[in-house]
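Worksheet: the structure to be examined is printed underneath.
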Amino acid sequence: MNVSPDPITTQEQAAKERETLLDFIARGVLCATASALGDDHSEPGEDALAKGRAVADDYLSAYEEWLVNLAAGNAASGPR
């Protein structure tokens with residue numbers, strides 16, 4: 001199955017998508033941590049989500065930086 005999302009064309013859409021990704025990543029980090037520790041998977045508290053979002057923000061920032069560098073490198077090498 002091939003899914004193609006609608007293109008992001010505005011800063012507002014990009015910011016909304018980034019927030020959604022941060023939430024998904026933060027919840028995934030918390031779920032993985034709970035599994036590793038043998039804890040239950042109940043709804044995380046606000047403090048736990050805030051800490052998870054900080055980790056997710058670091059991860060997403062590094063990923064965005066990598067994408068920008070990749071695009072710049074591809075642009076510098078010219079057409080193939």
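Given the structure is predicted, the values throughout are model-derived calculations rather than measurements.
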Inset, instruction - Using the side-chain contact (heavy atoms from CB on, under 4.5 Å) rule, take K16 and I8 through it: C-alpha gap first, then chi angles, then the decisive distance, then the call. - result: CA-CA 10 Å; K16 183 179 176 185; I8 296 172; over 6 Å; no
Inset, instruction - Establish whether Y63 and L70 are linked, either directly or via other cluster members, by ILVMFWY side-chain heavy-atom contacts under 4.5 Å. - result: yes
Inset, instruction - Flag the pair R18 and D57 as a salt bridge only when some basic side-chain nitrogen lies within less than 4.0 angstrom of an acidic carboxylate oxygen. - result: yes
Legend entry - Heavy-atom side-chain contact between L30 and K51 under 4.5 Å: no
Legend entry - Inter-residue atom distance Y59.OH - L22.CG, 0.5 Å rounding: 11.5 Å
Legend entry - Side-chain H-bond candidate by donor/acceptor type, T9 with Q13, under 3.5 Å: yes
Legend entry - Contact summary for G52 and A26, nearest pair of heavy atoms: C-CB, 3.4 Å
Legend entry - Spacing of CD belonging to E64 relative to CG belonging to L21, to within rounding of 0.5 Å: 8.5 Å
Legend entry - Charged N-O contact under 4.0 Å between E19 and R53: yes
